[in-house]
Amino acid sequence: MMKKLSLLMLVFGAITMLAGCEPLTIFNPKGPNAETLSNTIILSIITMAFILLVVYTLLAFMLTKYRASKAAADYEPPHEEGSHLLEIIWTVIPIIIVAFLAVVTVRTTSTVEARPDGYDNQEPLVIYASSSNWKWHFSYPEQGIETVNYVNLPVDRAIEFKLYSFGPITSFWIPQLAGQKYAMSDMVTTIHLAADEVGSFMGRNSNFNGRGFAEMEFEAQSMTQQDFDKWVMDVKTHEKPLTEEKFNELLTAEHVGRSSYSSTHLEFRPAPMEHSEHMNMNHTEDSTDSETETHSH
């Protein structure tokens with residue numbers, strides 16, 4: 001009795017705590033890719049809830065039908081052969097469930113890995129998002145600006161984030177706009193998203209990477225294209241360029257506030273794969289020059 005009472009109190013306490021929390025943002029999507037993920041999660045929950053309903057209904061039926069009787073202690077029930085039909089049914093059903101969820105998951109993954117629906121013919125805004133020591137750097141190569149711990153996005157435009165890290169593996173996640181994807185030190189990964197409406201959305205690192213993990217958050221603010229262009233012009237006009245010395249200070253610092261710069265670190269510290277391509281191109285050019293000099297001699 002005490003165990004049951006303790007379990008009920010635990011469940012009641014959990015419900016009370018959850019009631020005071022903010023709504024789960026993944027179920028309040030503000031972009032097409034986030035909506036696709038939210039719908040998939042809801043479908044999975046409904047599927048699993050239906051399975052639980054069937055299982056518990058069968059459990060209640062079995063407990064009622066085959067409950068203890070007042071038969072004599074030496075009573076021995078008649079032998080019954082197993083049912084091949086039932087064995088086939090309870091083997092096939094899990095296969096169908098897994099196959100169904102697998103197909104849904106593969107289709108969802110394929111959808112969110114591509115440019116959002118409706119933005120196929122639109123050139124995306126490319127933003128490099130890199131992490132270091134519990135902070136985020138956002139570089140806009142097209143606009144020639146950079147921000148730290150916040151990122152502004154125009155609405156109704158495809159956004160292509162290129163992710164990498166200057167330290168341990170992190171995970172870039174804006175729940176209301178897209179799913180999460182890892183940022184690593186030796187390669188660039190890509191995540192596509194778009195915002196359907198103006199708003200402020202919380203982003204974070206969803207991969208534990210040390211003592212500052214809990215504070216590794218950033219704000220993603222969507223705004224009209226006109227406001228976005230105005231903000232870009234304001235940063236280019238009033239903020240200082242990002243020097244290599246200042247960038248190295250940012251990399252070593254554990255926690256910093258928000259800041260903006262009128263240039264990007266990509267000019268002197270390219271993204272990992274692009275850095276490798278740049279080095280290979282230089283090596284090829286040097287080899288060509290060397291061969292040319294040899295033939296000249």
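We use all heavy atoms of the structure for the numbers below, so side chains are in, but hydrogens, waters and symmetry mates are not.
Looking at N209 and W134, their side chains come closer than 4.5 Å, going by heavy atoms from C-beta outward. Between P124 and H192 there is no side-chain heavy-atom pair separated by less than 4.5 Å. V198 places none of its side-chain heavy atoms less than 4.5 Å from the side chain of D227.
Here the closest non-hydrogen pair linking S262 and P241 is OG-N, 3.1 Å. Contact record, K181 with T190: NZ-O, 2.6 Å, taken as the closest heavy-atom pair. When all heavy atoms of L163 and I191 are compared, the pair lying nearest together is CD1-CG2, 4.1 Å. Closest of all the heavy-atom pairs between Y164 and H265 is OH-NE2, 2.7 Å. Taking both residues in full, the closest heavy atoms of Y119 and A158 are given as CD2-N, 3.6 Å, listed atom of the first, atom of the second, then distance. Residues P175 and A34 share a closest heavy-atom pair of O-CB, 4.0 Å.
Taken from CG in L63 to CG in L59, the straight-line distance is 4.5 Å, to the nearest 0.5 Å. If you take NE2 on H238 and CE on M233, they are separated by 11.0 Å, rounding to the nearest 0.5 Å. One distance of note links CZ of F247 with OH of Y261; it measures 10.0 Å at 0.5 Å rounding. Atom CD1 of I41 and atom CD1 of I26 lie 4.0 Å apart (nearest 0.5 Å). Rounded to the nearest 0.5 Å, atoms CD1 (I96) and CD1 (I89) are 10.0 Å apart. A distance of 11.0 Å separates NZ in K30 from OG in S38, rounded to the nearest 0.5 Å.
Between the side chain of K135 and the backbone N or O of A253, at least one donor-acceptor pair lies under 3.5 Å. The backbone N or O of A183 sits nowhere less than 3.5 Å from a side-chain atom of T189 that would complete a donor-acceptor pair. Between the side chain of S222 and the main chain of G199, a donor-acceptor pair closer than 3.5 Å is present. T105 places a side-chain N or O within 3.5 Å of a backbone atom of L101 that can act as its donor or acceptor partner. D234 places no side-chain N or O within 3.5 Å of a backbone atom of K230 that could act as its donor or acceptor partner. The backbone N or O of Y182 sits nowhere less than 3.5 Å from a side-chain atom of N207 that would complete a donor-acceptor pair. The main-chain N or O of P32 is never found under 3.5 Å from a side-chain atom of D117 such that the two would form a donor-acceptor pair. Using modelled atom types, one side-chain atom of N149 and one backbone atom of V256 make a donor-acceptor pair closer than 3.5 Å. The backbone N or O of V104 lies less than 3.5 Å from no partner atom in the side chain of R107, so there is not a single donor-acceptor pair. Under a 3.5 Å cut-off, the side chain of Q176 and the backbone N or O of N28 do form a donor-acceptor pair.
Residue-environment remark: CZ (F268) exceeds the threshold of 12 foreign heavy atoms within 6.0 Å. Residue E245 qualifies as open at atom CD: its count of foreign heavy atoms under 6.0 Å is 12 or below. The 12-atom threshold is not exceeded at CG of N121, counting heavy atoms of other residues, nucleotides or ligands nearer than 6.0 Å. Counting heavy atoms of neighbouring residues, nucleotides and ligands inside a 6.0 Å radius, atom CD of E197 exceeds 12 of them.
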side-chain contact (heavy atoms from CB on, under 4.5 Å) assessment of V54 paired with F50: CA-CA 6 Å; V54 172; F50 176 74; 3.8 Å; yes

From CA spacing to verdict: side-chain contact (heavy atoms from CB on, under 4.5 Å), F228, V155: CA-CA 9 Å; F228 178 79; V155 295; over 6 Å; no

Chi angles and distances behind the side-chain contact (heavy atoms from CB on, under 4.5 Å) call for T25, F201: CA-CA 9 Å; T25 53; F201 315 107; over 6 Å; no

Derivation of the side-chain contact (heavy atoms from CB on, under 4.5 Å) call for L251 and R269: CA-CA 12 Å; L251 290 182; R269 191 78 64 86; 3.6 Å; yes

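I145 is connected to M223 through a chain of hydrophobic side-chain contacts under 4.5 Å among Ile, Leu, Val, Met, Phe, Trp and Tyr, so both are in one cluster. Taking hydrophobic clusters as Ile, Leu, Val, Met, Phe, Trp and Tyr residues chained together by side-chain heavy-atom distances below 4.5 Å, L37 does not share a cluster with V103. A single hydrophobic cluster is not seen to contain both L250 and W136; linkage of ILVMFWY side chains at heavy-atom distances under 4.5 Å, directly or through other members, places them apart. Transitive grouping of hydrophobic side chains (ILVMFWY, heavy atoms separated by less than 4.5 Å) keeps Y128 and L177 in distinct clusters. Hydrophobic clustering (side-chain heavy atoms under 4.5 Å, transitive across Ile, Leu, Val, Met, Phe, Trp, Tyr) groups L24 together with I45.
Under 3.5 Å, the side chains of Q225 and D229 contain a donor-acceptor pair of N or O atoms. For the residue pair T264 and S139, no side-chain donor N or O sits within less than 3.5 Å of a side-chain acceptor on the partner. A donor-acceptor contact under 3.5 angstrom links the side chains of Y150 and S260, judged on distance only. Checking T108 against T36 by side-chain atom types alone, no donor-acceptor pair falls below 3.5 Å.
Using cut-offs of 30° and 60° on the angle between ring planes, the pair F161 and F172 is tilted.
Between W231 and Y140, the gap from one ring centroid to the other is short of 6.0 Å.
No option in S132, S130, S131 other than S132 meets the side-chain hydrogen bond (donor to acceptor under 3.5 Å, both in side chains) test with H137.
A salt bridge does not link E239 to K246: none of the charged side-chain nitrogens sits closer than 4.0 Å to a carboxylate oxygen.
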